[in-house]
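The basis for the numbers below is simple: all heavy atoms, side chains too, and nothing from hydrogens, waters or symmetry mates. Naming: A, B, ... by sequence-line order, numbering from 1 per chain.
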Amino acid sequence: MKNSEIVKILEDIADLLELKGENVFKTRAYQKAARSIEFLGEDVEKLVKEERLREIPGVGEAIAKKLTELINTGHLAYYDRLRAEFPDGIGTLLEVPGIGPRTAFVIAKELKVTTLEELERAIEDGRVAELPRMGEKTAQNILQQIKAYRKKKSEQRIPLGSALPAADALLGALQGVPGLKNLTPAGSLRRFRDTIGDIDIVGTADDPEEVIQAFIRLPQVREVLEKGSTKASAIIFNGLQTDFRLLDHDSFGSALQYSTGSKQHNIDLRKRAERLGLSLSEYGITEVAAGKMEKFASEEAFYRRQGLDYIPPEIREGQREIELAEKGLLPRLIQLSDIKGDLHIHSSWSDGQEPIEELAIAARERGYEYIAITDHSVGLGIARGLNEERLRQQIKEIEDINRRLTGIHIFTGLEVDIKANGTLDMPDAVLAGLDVVLGAVHSSMGQNEDQMTRRIIQAIENPHVDIIAHPTCRILGEREAVAVNIEAVFAAARAHNKALEISAMPTRLDLKDTHIFRARELGVKLVINTDAHQRAQLDFMRFGIGTARRGWCEAKDVLNALPLEKVGEFWLK
DNA sequence: GCCGTTTTCGGCCCGACTGTTTTCAGTCG
C-alpha cells in the first residue's frame, strides 16, 4: 500500500471523527500523523516490517497498531466501522468552505441531506435557515460557497509559476497606496510550494482600514468574500482567493512570520514558546508572566528572541526545522548566487527560439560560468530533434563560438530520448563525443511501474548518460507523474554516480521537494536546470532554487553549483 | 490520540471575521 493511500485514510478518519464531534485533539492527532507520513522519505510498509513505526512523529501506540493492521490485511476495521456510522457523501459537505463539522453533522442528521444538490434544495426551501444558530444570511452564504466550491474544484490548486505573476500584479496595483509599507507575498507562495491554493499578502500601514478599502476597490478584485478592519479576502481576476492582512509597521516581523506559515510550523513554534513562558501572535511576543508584549520589525529578530536561528521560509513545514534551529544546526540552503551554470538549454537548432550565441551571452549576463546546449534527439520529431549529422554541425558551431566568446564556456550536449524499451535515441559512439548527455522520457508514459523503472534505470546504466532530466515527467495541473519506483531510481543513480535533475521549469518542478529531500539523504547528486527554450526562461532558475531549498539542498549537493574547472570532472569520470 | 528540562496525566496555538446572539459559537488560516 502506498504512503499516499495511507495518508488519505488517516485524513478520512480525522474528518469522520470531526463529524462525530469527537475530541478535537484526537482528530488533530490523525491529521498530524497523516502529515508526517506525507513528508516521510520511506515507505510505511517498510517501517511496519522493521517495527519502526513509532519513529514517525505523531504516531503513537494506537495509530501504529492501526497502520500495522492496514498494511498486513489491507483493511482497517476501525475505519470501516467509522464510515458505516455516516451516510456516504457527507464528506463532500465538509469540503465546502464555511461548512465545518458542526454544521455538516446537523445538516446530515436533521435534514437527511448528504449531497450538494440536496443541500441546495434544502437552502432554497428554507429548511437550512431554521436550524439552530443558522439564519437566512448564513444559508445564503453557504449557497454561494457551494457555487464557488464547484468552480474551484474544476480549477484546483494552480502552479506556482502562474500564481506568482498574479501576486505580482496585485502588489504592483497596491504600490503607492499612502501609508502602506512592507507589502510582501506570504503563505505557500513565499514557501515556494509547487502549487498554490490561495494568495496570501501581508503589509503594514499607518491606517489599515483605509488600505483595506483601497484593496477591495482594485480592478483586479472580482468579488469580496469578507472584510474587516485589518483583513480582507477576495476572489481576484484569475479566480484565485487572496487573503490580505495588515498590521502596524513595528509588528512586521511577527506578521510576516505568521502569514508565511506553514500552519504546522506555527503550531510547533507556539507550543515551544509556551514552554519558555512566551505567547506568540502576529502582533509580537508576550512574556506571559509579565504580561508585556514585544514587537519585532524583522523575522530574524522574531526568531532570535525565541533562541532560534533564522529558519528559511522554504523549510517551515513542521519537520525538524525548529529543533535544528535551536541547536544551530540548520543547513545553509543553496541560493541563486551559488549557481554557476545551466546544463539544460534548448537552442533554435531544435525547439528553442534563439541561436546558441545569444543564449550564451544571456547566461553570461546572469553571472554564469558555463551552459550546456542540450537540444532534443531526432526521435522527438515534433521538436525538430537533431540527427547525427546535425548534431555534428552543432558541435562544430559551439567550438567556433567558444573560441571567440569570452567569460562563458558552452558545453556540447543532448537531451536524448529514452525510448520505450529503455534504449537511447542516439548511438553510443555519438554520445561519447559530447560533454553532457541528459536522458529523458518523452513517450509511452503510460507504462506500468516495472517497465518504467527498468527503462529509466537502463538509461542510468548507459556510461554516456550523465543526468536524468525531469525524472517523473509530471506537468503540474495537467499530467500526473509517471508510475516509477523512485527509490530504485535513486539507488541506481547513486550506484552509477549519475545526477538527477530538478527541473526549474515552473510547470514541472520535477523532482519535487519530498523526492529531493530523500535523494539528498541517500547521497544522490542533483542538478538544477531550467530547460529554457528562450533567453528569458533562464530566469526560471529561481523556481528550481526554491524547490531545491524545500528539499533542504545545500550547494554541495548540486552539480551546477560547481565552478567551471570542477564541473566537467563529473562527466569525465 | 500524542507526548513529556516542572507532567506517564492533563494538557493540546492564537486571533479575525461573520452571523446569530444578548455574550458567543462556528469556521478559517
If I pick the C1' atom on B:dT18 and the same atom on B:dT23, what distance separates them, to the nearest angstrom? 15 Å
A:Asp200: which residues meet the salt bridge (charged side-chain N to carboxylate O under 4.0 Å, His left out) condition with it, sequence neighbours left out? none
Between the side chains of A:Arg157 and A:Thr195, does any donor sit under 3.5 Å from an acceptor? yes
Among residues 3-20 of chain A, which ones have heavy-atom contacts with DNA chain B below 4.0 Å? none
Do A:Glu323 and A:Arg320 meet the salt-bridge criterion of a basic N to acidic O distance under 4.0 Å? yes
Applying ring-ring contact (aromatic ring centres under 6.0 Å, His included), which residue pairs with at least one partner in residues 221-255 of chain A are found, sequence neighbours left out? A:Phe215-A:Phe244
Base, sugar-phosphate, or nothing: which does A:Val24 touch, judged by heavy atoms less than 4.0 Å apart? nothing
Take atom P in B:dC9 and the same atom in B:dC14, then report the distance between them in whole Å. 25 Å
Sequence neighbours left out, what passes salt bridge (charged side-chain N to carboxylate O under 4.0 Å, His left out) with A:Glu487? Give chain and number order. A:Arg518
Would you jot down, in residue-number order, the residues of residues 202-216 of chain A having a non-hydrogen atom under 4.0 Å from DNA chain B? none
List in chain and number order the residues that pass salt bridge (charged side-chain N to carboxylate O under 4.0 Å, His left out) with A:Glu120, two or more places apart in sequence or in another chain; answer none if no residue qualifies. A:Arg150
Tell me the interatomic distance from A:Ile142, atom CD1, to B:dG19, atom P, rounded to whole angstroms. 11 Å
Got a list of side-chain donor-acceptor pairs under 3.5 Å for residues 37-45 of chain A, not counting sequence neighbours?
unit_1, atom_1, unit_2, atom_2, d
A:Glu42, OE1, A:Lys46, NZ, 2.9
A:Glu42, OE2, A:Arg52, NH2, 3.3
A:Glu45, OE2, A:Met1, N, 2.2

Protein-to-nucleotide contact annotation, 5' to 3' order, nucleotides 12-18 of chain B [B base; S sugar-phosphate only; - none; under 4.0 Å, heavy atom]: BBBSSSS
Is there a donor in the side chain of A:Glu209 and an acceptor in the side chain of A:Gln213, or the other way round, less than 3.5 Å apart? no
P-based separation of B:dC17 from B:dT22 [nearest Å]: 23 Å
Going by heavy atoms closer than 4.0 Å, what residues in residues 101-114 of chain A are next to DNA chain B? A:Pro101, A:Arg102, A:Thr103
If you look only at pairs with a residue in residues 74-119 of chain A, which of them pass as a ring-ring contact (aromatic ring centres under 6.0 Å, His included), with sequence neighbours excluded? none
Which pairs would a plain distance check flag for residues 165-189 of chain A, meaning a side-chain donor or acceptor within less than 3.5 Å of a matching protein atom at least two apart in sequence or in another chain?
unit_1, atom_1, unit_2, atom_2, d
A:Asn182, ND2, A:Thr204, OG1, 3.1
A:Thr184, OG1, A:Asn182, O, 2.9

A:His265-A:Glu317 side chain donor-acceptor pair, cut-off 3.5 Å: no
B:dT21 to B:dA16 separation - P atoms, rounded to the nearest Å: 24 Å
Pick out which of A:Leu17, A:Leu16, A:Asp15, A:Leu19 makes a side-chain contact (heavy atoms from CB on, under 4.5 Å) with A:Thr27. A:Leu17
Give me each pair satisfying ring-ring contact (aromatic ring centres under 6.0 Å, His included) with a member in residues 14-35 of chain A, each pair once, sequence neighbours excluded. none
In whole Å, what separates the P atom of B:dG15 from that of B:dT20? 26 Å
B:dT27 and B:dC13: how far apart are their C1' atoms, nearest whole angstrom? 16 Å
